[in-house]
Amino acid sequence: QVHLVESGGGLVQAGGSLRLSCAASGRTFSYYAMGWFRQAPGKEREFVAGITWSGGRTYYADSVKGRFTISRDNDKNTVYLQMNNLKPEDTAVYYCAAGSVGGPHDEYKYWGQGTQVTVSS
């Protein structure tokens with residue numbers, strides 16, 4: 001069992017930056033690949049970024065490549081999403097999730113409660 005808690009969301013102007021954190025409980029955090037997803041109002045949840053258990057491989061949605069960076073610190077049981085050059089279309093609730101591979105089509109077993117990111121134009 002892994003319990004995930006996101007933080008770091010907020011309101012930012014277009015072009016600004018935010019860093020999301022996802023803290024995991026349990027000693028098995030390093031066994032899991034991790035992913036970030038987002039869901040905007042009226043839209044389906046979509047994959048944003050993923051990272052393997054070791055951090056050796058990362059995955060990104062085309063819409064965030066070059067702007068977002070996923071990373072993890074297994075000693076701190078935390079995964080991060082650094083978001084730069086934010087755009088209004090990045091506005092959504094962001095969720096972290098634990099899976100086995102980290103890619104967009106992975107089966108993610110555990111989910112956090114989400115954190116709101118709002119980008120004003």
Side-chain angles (χ1 to χ4, degrees):
Q1 185 82 16
V2 177
H3 182 60
L4 304 172
V5 179
E6 301 95 336
S7 62
L11 174 64
V12 64
Q13 289 187 333
S17 298
L18 282 174
R19 188 195 196 199
L20 304 184
S21 299
C22 173
S25 64
R27 291 175 289 179
T28 59
F29 172 76
S30 61
Y31 296 172
Y32 289 94
M34 298 297 295
W36 284 97
F37 291 76
R38 66 188 182 187
Q39 187 166 20
K43 295 188 177 181
E44 293 187 354
R45 185 173 61 197
E46 64 175 354
F47 174 83
V48 174
I51 189 167
T52 54
W53 69 270
S54 67
R57 184 169 182 175
T58 56
Y59 306 83
Y60 294 96
D62 287 343
S63 59
V64 306
K65 279 181 182 177
R67 301 188 297 123
F68 291 11
T69 303
I70 188 171
S71 62
R72 67 188 296 161
D73 185 336
N74 286 344
D75 290 335
K76 295 182 178 180
N77 281 8
T78 303
V79 63
Y80 305 96
L81 185 67
Q82 178 66 44
M83 306 186 295
N84 297 330
N85 190 21
L86 283 160
K87 304 176 181 180
E89 52 264 41
D90 294 317
T91 295
V93 177
Y94 283 70
Y95 301 89
C96 69
S100 58
V101 177
H105 305 296
D106 190 9
E107 182 179 348
Y108 289 88
K109 188 173 182 180
Y110 302 106
W111 293 82
Q113 84 290 347
T115 185
Q116 176 70 47
V117 171
T118 304
V119 184
S120 63
S121 57

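Reckoned from all heavy atoms, side chains included, excluding hydrogens, waters and symmetry mates.
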Visitor: Does one hydrophobic cluster hold both Trp111 and Val79, with members joined at side-chain heavy-atom distances below 4.5 Å?
Guide: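 Different clusters: Trp111 never reaches Val79 through Ile, Leu, Val, Met, Phe, Trp or Tyr contacts under 4.5 Å.
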Visitor: Check whether any side-chain heavy atom of Leu20 sits under 4.5 Å from a side-chain heavy atom of Glu6, and report yes or no.
Guide: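 Leu20 does not reach Glu6 side chain to side chain.
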Visitor: Write down the atom of Phe29, the atom of Ala24, and the distance for their closest heavy-atom approach.
Guide: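 What the structure gives for the nearest pair is CD1-CB, 3.2 Å.
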Visitor: For the residue pair Tyr94 and Val48, what are the closest heavy atoms and their distance?
Guide: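 Of all heavy-atom pairs spanning Tyr94 and Val48, the closest is CE2-CG2, 4.3 Å.
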Visitor: Considering all heavy atoms of both residues, which atom of Ser30 and which atom of Trp53 are nearest to each other, and what is their separation?
Guide: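 Taking Ser30 first and Trp53 second, the nearest heavy atoms are O-CB, 3.2 Å.
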Visitor: Once ring-ring contact (aromatic ring centres under 6.0 Å, His included) is applied, do any residues pair with Tyr32, and if so which ones, sequence neighbours excluded?
Guide: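 Expected list: Tyr110.
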Visitor: Quick one: ring-ring contact (aromatic ring centres under 6.0 Å, His included) partners of Phe47, sequence neighbours excluded?
Guide: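 Scan of Phe47 (ring-ring contact (aromatic ring centres under 6.0 Å, His included), adjacent residues dropped) gives Phe37.
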Visitor: Should Leu18 and Val119 be regarded as members of a common hydrophobic cluster, given that ILVMFWY residues are connected when their side-chain heavy atoms come within less than 4.5 Å of each other, either directly or indirectly?
Guide: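 Leu18 clusters together with Val119.
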Visitor: Looking only at heavy atoms, which two atoms of Gln1 and Thr28 are closest? And how far apart?
Guide: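 Scanning both residues, the minimum pair turns out to be O-OG1, 4.5 Å.
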Visitor: Is any side-chain heavy atom of Lys76 closer than 4.5 Å to one of Ser21?
Guide: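 Sidechains of Lys76 and Ser21: no contact.
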Visitor: Indicate yes or no: at least one non-hydrogen side-chain atom of Glu107 is less than 4.5 angstrom from one of Val101.
Guide: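 With C-beta onward as the side chain, the pair stays apart.
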Visitor: Checking Arg67 side chain against Asn85 main chain: does a donor-acceptor pair fall under 3.5 Å?
Guide: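 Confirmed, Arg67 side chain pairs with Asn85 backbone.
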Visitor: Taking C-beta and beyond as the side chain, do Trp36 and Met83 meet within less than 4.5 Å on heavy atoms?
Guide: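 No. Closest side-chain heavy atoms not under 4.5 Å.
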Visitor: Heavy atoms, side chains only, cut-off 4.5 Å: are Ile70 and Tyr60 in contact?
Guide: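 Sidechains of Tyr60 and Ile70: in contact.
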Visitor: Look up atom OG1 in Thr52 and atom CZ in Arg72, then write down how far apart they are to the nearest 0.5 Å.
Guide: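 It is 7.0 Å, given to the nearest 0.5 Å.
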Visitor: Taking all atoms of both residues into account, what is the closest heavy-atom pair of Ser17 and Gln82, and its distance?
Guide: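 In terms of heavy atoms, the two residues are closest at CB-NE2, 4.0 Å.
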Visitor: Going hydrophobic residue to hydrophobic residue with side-chain gaps under 4.5 angstrom, can you get from Tyr31 over to Val2?
Guide: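 Yes, Tyr31 and Val2 fall within the same hydrophobic cluster.
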Visitor: Evaluate the side-chain proximity of Leu4 to Met34: yes if any heavy-atom separation is below 4.5 Å, no if none is.
Guide: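 SC-SC contact between Met34 and Leu4 confirmed.
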Visitor: Got Asp73 and Tyr80 here, is their nearest side-chain heavy-atom distance under 4.5 Å?
Guide: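 Yes; the side chains approach each other to less than 4.5 Å.
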Visitor: To the nearest 0.5 Å, what is the distance between CZ (Arg38) and CZ (Arg45)?
Guide: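 Arg38 atom CZ to Arg45 atom CZ measures 13.5 Å (nearest 0.5 Å).
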Visitor: Can you sort out the partners of Asp106 under salt bridge (Lys or Arg N to Asp or Glu O under 4.0 Å), two or more places apart, ordered by chain and number?
Guide: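 By the salt bridge (Lys or Arg N to Asp or Glu O under 4.0 Å) rule, Asp106 matches no residue at all.
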Visitor: Atom CG in Leu11, atom CD in Gln116: separation rounded to 0.5 Å?
Guide: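 Leu11 CG to Gln116 CD: 9.5 Å, rounded to 0.5 Å.
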Visitor: Are the charged groups of Lys87 and Asp90 less than 4.0 angstrom apart, N to O?
Guide: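 Judged by the 4.0 Å cut-off on N to carboxylate O distance, Lys87 and Asp90 do not form a salt bridge.
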Visitor: Restricting to non-hydrogen atoms, name the atom on Gly112 and the atom on Tyr95 that form the minimum distance, rounded to 0.1 Å.
Guide: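 Heavy atoms of Gly112 and Tyr95 come nearest at O-CD2, 3.6 Å.
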